[in-house]
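A short worksheet on the structure shown next.
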Amino acid sequence: MSPHHLRQDSLPKSSPATVSVFASANSWIESDALVQCQRVAALDGMVHVAAMPDLHPGKGAPIGAAMASTVLYPFLVGSDIGCGIAVFPVKLRRVVPERIAARFPDLDRALDPEQDADDPAWAALDGEVPAGHVEGLGTVGRGNHFVELSRVGTVLDSGHASRLGLEAGDLVLVVHSGSRGLGERILRAHTEAHGAGPAPDSAAYLAQHDAAVRWGSLNRRLLAARVAHALGAEPGAPIVDQCHNLVEVRDGVYLHRKGAAPGDGRDVLVAGTRGTPSYLVAAHAGPDANHSVAHGAGRKMSRADALRRGRAKHTVEELRRTPLGSLVVCGDRQLLFEEAPSAYKRIEQVIGDLVHHGLATPVATTVPLVTYKTADAGSASRDARRDGRRGRGRP
DNA sequence: ATGTAC
């Protein structure tokens, strides 16, 4: 062993960071995710790890955690830098789920600046394309991403809801999406050079990161505008838009959030599943929670398990029309099983844990009417793509 | 979650 190593070993070992888990004893948390939290806590410079009740294992880093350290670790944010959830009020005359589902635009096809130059949705960007990254603009992505028309269900804090301009029965578009290929490219470039190590030039990383965060937020506006126009509604500004994959400099440390939303006096939509309500909450998380709240119900099982168990338990039909009566637009059977409500924890339990620990106050629920995951098999837009023709409309 | 390779 080199003297260098001996010297390191002889130094008093810095104690690992504290880990706080904001979940009650009867909330199921996969042990792999807790092990990941302990590994993160042992990283150089780590100060405090706050695990949210939706905690579950991720690739390398846990999902549903806020991690504060003196060193910036890009892998703790992950590849989908800027992923978040936004809520847009929308006014529609008649809501028949089948008709709405049929009118959803093809959100797997990017808007092309030249061929789609006259699409009114572009107004949502106001000419801004962060990092000049045009690829994937207007697409929702895969995994847990979605665009959903929901109805405000139970109002739990009428004063707060009315300040947001919401009352029971109102319609909203909920958009969960990130920075698509841009964030992936930024993390890959870092990882190829430095692996899971810290960013040697944190300012350079942060400049790219900030562009991806902005790109994600603008893309959520673009997605909402595409859908609003297709449904004959006027697109507007979001009343809620919080990013749950990002790093910020706060109190002199790097606060990494991975599947954890900023919870310092902000309103956050905590996503349920495609067959259960979501909760709009007023977040008021303090330093113990790294100023963060949960971002959703959280996976209860891996995608592989959800696929295997889902095939035995559910039919495609019951996943496409949920117990709430809502429709799920998803031409990909595998994704439908992976994203089955039964693959997620109960959102009420997650919200209950946030409330119990004083991290958030529920404002209102949103109840799904139509959720878009990926284009329907047999849709006009998908046929057009397959045949190599341009997307919209009929031949 | 992603683009890309298998």
Side-chain angles (χ1 to χ4, degrees), chain A residues 30 32-33 36 52 54-65 73-86 107-112 130-148 174-193 195-196 205 208-209 211-220 222-223 242-247 256-261 271 273-274 294-307 330-332 334-340 343-344 371-375 385:
Chain A
E30 226 173 304
D32 287 357
Q36 286 184 333
M52 298 296 127
D54 57 339
L55 187 80
H56 57 283
K59 192 179 169 180
I63 300 168
Y73 291 100
F75 88 98
L76 292 182
V77 175
S79 63
D80 197 4
I81 305 162
C83 188
I85 299 179
L107 303 177
D108 303 333
R109 188 180 75 78
L111 281 180
D112 186 294
H133 186 82
V134 171
E135 300 91 60
L137 267 178
T139 61
V140 63
R142 288 288 183 125
N144 58 358
H145 292 177
F146 63 86
V147 177
E148 182 171 279
V174 178
V175 180
H176 180 187
S177 188
S179 59
R180 310 291 289 109
L182 178 58
E184 199 273 341
R185 197 175 72 191
I186 294 167
L187 181 67
R188 181 155 34 84
H190 171 84
T191 305
E192 279 170 2
Y205 170 81
Q208 296 183 297
H209 160 282
V213 169
R214 180 71 180 150
W215 199 100
S217 180
L218 285 171
N219 197 48
R220 289 189 284 279
L222 188 53
L223 283 159
Q242 293 301 335
C243 165
H244 48 240
N245 290 350
L246 82 168
V247 57
H256 310 75
R257 290 191 177 92
K258 172 72 169 172
T273 72
R274 293 336 98 219
H295 80 310
R299 295 199 72 84
K300 192 166 67 183
M301 58 184 87
S302 68
R303 291 187 175 277
D305 284 348
L307 186 58
C330 185
D332 180 336
Q334 178 170 328
L335 184 60
L336 205 51
F337 287 115
E338 288 176 356
E339 290 290 311
Y344 283 85
T371 306
Y372 180 101
K373 295 289 295 177
T374 188
R385 254 199 335 282

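Values below: every heavy atom of this structure, side chains too, minus hydrogens, waters and symmetry copies. In what follows, chains carry the letters A, B, and so on, assigned in the order in which the sequence lines appear, proteins first and then strands, with residues in each chain numbered from 1.
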Should A:Glu339 and A:Lys373 count as an ion pair when the cut-off is N to O under 4.0 Å?
yes
Is the distance from OP1 or OP2 of B:dG3 to the nearest side-chain N or O of A:Arg142 less than 4.0 Å?
no
Sidechain N-carboxylate O distance under 4.0 Å for A:Glu30, A:Arg299
no
Tell me: CZ of A:Arg180 to P of B:dT4, nearest whole Å?
12 Å
Quick one: A:Ile81 CD1 to B:dG3 P, roughly how many Å, whole number?
13 Å
Can you tell me if A:Arg188 touches the phosphate of B:dT2, counting only side-chain N or O atoms and a distance under 4.0 Å to OP1 or OP2?
no
Please report the distance, rounded to the nearest Å, between CG in A:Leu107 and P in B:dA1.
17 Å
A:His145 side chain to A:Ser177 backbone, donor-acceptor under 3.5 Å:
no
Between the side chain of A:Ser179 and the main-chain N/O of A:Ile81, is any donor-acceptor distance below 3.5 Å?
yes
Send over the distance from A:Ile186 CD1 to B:dT2 P, rounded to a whole Å.
14 Å
Between C1' on B:dT2 and CZ on A:Phe75, what's the gap in Å once rounded to a whole number?
18 Å
Distance in angstrom units between A:Ile63 CD1 and B:dT2 P, rounded
12 Å
Does B:dA1 have its OP1 or OP2 closer than 4.0 Å to a side-chain nitrogen or oxygen of A:Asn245?
no
Find the distance A:Glu338:CD to B:dT2:P and express it as a whole number of Å.
12 Å
Here the distance between atom P of B:dA1 and atom CG of A:Leu182, to the nearest Å, is 17 Å
